[in-house]
Novice: 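Quick one: structure below, then a few questions.
First the proteins, then the strands, lettered A, B, ... as listed; each starts at 1. All figures in this text were calculated on a predicted structure; none of them were measured in a lab.
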Protein chains: 2
Amino acid sequence: MSSDTTKEKIIQAANDVFILKGMDGARMQEIADEAGINKALLHYYFHSKEQLFKEVFYGILSKLIPGLILIFKGEGSLPDKIEAVVAEYDSFMFRNPFLPQFVIREINRDPDQLSGFMSDKGLDFELVEKMINKAVEAGTIRQITFPHLFANLIGMIVMPYIGRPLFQRKLFKNDPVKYDEFLRERRVVITYFIKQAMIC
Amino acid sequence: MSSDTTKEKIIQAANDVFILKGMDGARMQEIADEAGINKALLHYYFHSKEQLFKEVFYGILSKLIPGLILIFKGEGSLPDKIEAVVAEYDSFMFRNPFLPQFVIREINRDPDQLSGFMSDKGLDFELVEKMINKAVEAGTIRQITFPHLFANLIGMIVMPYIGRPLFQRKLFKNDPVKYDEFLRERRVVITYFIKQAMIC
DNA sequence: AAATAGTTTAACCAAATGGTTAAATTTGCA
DNA sequence: TGCAAATTTAACCATTTGGTTAAACTATTT
């Protein structure tokens, strides 16, 4: 097997371990084990934990951002775009259920790096902000500023993933199947909720 | 000064350090320094970090829960209660801005303990759930289940605190004063948002 | 004054952990 | 075949950190 494959095995293993245990909780030895190699070789490819973490973390994020940008810049009415963003975002979280926690940790660990990365990837909110403001002025949607709408949207999407261990216990008698059903309902519930709240 | 005062100094110091750096990031030495004592004395009062952490964490939570229960069990219409919960919750977060992150960490670290604690404190959601279901049946509010409403509510309230380092940079040009203004607007925005979404 | 609890000092311990090293071995490729 | 890169082995290092210990000192109480 080529060196590329080994590197990929490492990244895959790091992915799993990091996303389950976070940067602090992850052990280099465990990542090596998970990848089926030894610690020396791990450091042969990634000279530090920090470097490995960044490659994994920003690797995942890189997969999410293009979809969002496409939606923002694409055709369609504002409500349609909101619906699409919710769908895209939520399905991504469903496939990467530990990502929100992961992002939160990074938001508080190195916000400049994360912020810069988003800019590099071409994700900026000015377009969207203008779009919202224009719709408000035109009377298409109720009065709201972009930051508030953004916080509402992301908060509603992300909360069930962040709070799962508690929510599942308190609201679903700790039944994971029921909780997954609940998660699958979120997309349509959130979309509906936002539309009712925003559209006059 | 009595031993009680020293214990309180420790708890206060631990509060500050834990809430800024989390359980993992906090150092016993730093807590001792912050309390103006030395490590030996710190362990004289709290024999382990774990024990100290729990006293601090559940100490804070204990202050939040009674207010919520009062609202749930008190008089008033459902919309009024929702408004009151948002106000109570949000003002608590504003006074303890690092609490949400703190809770999230604990949710994922020891969910059983946290869940049990809430039950002990008399916080259960069955009443609220019934109240919501009844209102839906009566047609007072639009069709929604309690878990969804709960996730929406908490998500919207908590998100701006969790995501602050990033949001402030991306949406407010990293201006902390502007961000505090934004936070102060949240209560009314969220209340309004929820009411528009829920009330027919 | 004597006893008790609170507090300091300062050294120490054990475990965990990220990272290094050097030599030996295997594999892929020119 | 022979060279270079990939991989293993296994020991080792430095640092951090939670926690301990014992002796001495101080304040409080009885």
Novice: Please state how far atom CG in B:D24 lies from atom C1' in C:dA16, giving the value in whole angstrom units.
Specialist: 13 Å
Novice: Is the number of heavy atoms from other residues, nucleotides or ligands under 6.0 Å of B:K134 NZ greater than 12?
Specialist: no
Novice: Separation of A:K7 atom NZ from D:dA5 atom P, in whole Å?
Specialist: 16 Å
Novice: Select one nucleotide: of C:dG19, D:dT9, C:dT7, the one nearest the side-chain heavy atoms of A:S48.
Specialist: C:dG19
Novice: Whole angstrom is fine here: how far is it from CG in A:L41 over to P in C:dT26?
Specialist: 16 Å
Novice: Write down the distance between CZ (A:R27) and C1' (C:dA16), rounded to a whole number of angstrom.
Specialist: 8 Å
Novice: Would you check if the distance from the ring center of B:F182 to the ring center of B:Y179 is below 6.0 Å?
Specialist: yes
Novice: Parallel, tilted or perpendicular: which describes the rings of A:F57 and A:F53, with under 30° parallel and over 60° perpendicular?
Specialist: parallel
Novice: Can you tell me how far P of C:dG18 sits from CG of A:L42, to the nearest Å?
Specialist: 10 Å
Novice: From the set C:dT7, C:dT9, D:dT8, return the single nucleotide nearest to any side-chain atom of B:T6.
Specialist: C:dT7
Novice: Mapping A:A40 and A:Q29 onto DNA chain C by nearest heavy atom, which one lands closer to the 5' end?
Specialist: A:Q29
Novice: Base, sugar-phosphate, or nothing for A:A32, non-hydrogen atoms under 4.0 angstrom?
Specialist: nothing
Novice: Rounded to whole angstrom units, what separation is found between the NZ atom of A:K39 and the C1' atom of C:dT20?
Specialist: 9 Å
Novice: Of the listed nucleotides (D:dT9, C:dG18, D:dT7), which one gets closest to any side-chain atom of A:M28?
Specialist: C:dG18
Novice: Show your reasoning for whether side-chain hydrogen bond (donor to acceptor under 3.5 Å, both in side chains) applies to B:D16 and B:Q12.
Specialist: CA-CA 6 Å; B:D16 297 344; B:Q12 182 57 51; 3.2 Å; yes
Novice: What nucleotide, of D:dT8, D:dT20, D:dT7, holds the atom closest to the side chain of A:Y44?
Specialist: D:dT7
Novice: Please give, in whole Å, the distance from C:dG19 P to A:N38 CG?
Specialist: 15 Å
Novice: Please work out which of the three classes, parallel, tilted or perpendicular, describes the rings of B:F193 and A:F193, given edges at 30° and 60°.
Specialist: tilted
Novice: In whole angstrom, give the distance that lies between atom NE2 of A:H47 and atom P of C:dG19.
Specialist: 9 Å
